[in-house]
Amino acid sequence: MSVQVPQPILDHAVINVADQLDSASARFRRLGFQLTERGHHSLGSSNHLAIFGENLPGTAGL
């Protein structure tokens, strides 16, 4: 009897830009990325998302 192991799926990638979220988002926009408005998390981090179909590369400022 063999056990079926599910294939891993990459949900999203995060690019940690530390405290440089403003300059990083400006650079991504200059490169042609369409970013969401800045989001804020309850533990103090912030981010922007760039959505491509089912992929969500994001920049995070911590």
Side-chain angles (χ1 to χ4, degrees):
M1 175 191 244
S2 64
V3 176
Q4 290 283 359
V5 178
Q7 287 283 34
I9 297 172
L10 178 63
D11 179 55
H12 65 279
V14 174
I15 301 167
N16 183 356
V17 298
D19 60 351
Q20 299 176 23
L21 188 55
D22 290 332
S23 61
S25 61
R27 179 171 290 171
F28 276 90
R29 285 188 173 102
R30 283 193 307 273
L31 290 169
F33 290 88
Q34 299 294 315
L35 301 179
T36 63
E37 293 295 320
R38 181 175 297 202
H40 301 280
H41 303 113
S42 60
L43 296 177
S45 62
S46 299
N47 72 340
H48 292 279
L49 298 176
I51 301 172
F52 302 96
E54 297 177 12
N55 301 311
L56 294 164
T59 60
L62 305 174

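No experiment lies behind these values; they were computed from the predicted model shown.
- Using a 4.0 Å cut-off between charged side-chain N and carboxylate O, D22 and R38 make a salt bridge.
- In this structure, L35 CG and N47 CG are separated by 10.0 Å, a value rounded to the nearest 0.5 Å.
- Residues H48 and T36 have side chains that never bring a donor and an acceptor to within less than 3.5 angstrom of each other.
- Between the side chain of S25 and the backbone N or O of L21, at least one donor-acceptor pair lies under 3.5 Å.
- Atom OG of S46 is separated from atom CG of D19 by 11.5 Å, given to the nearest 0.5 angstrom.
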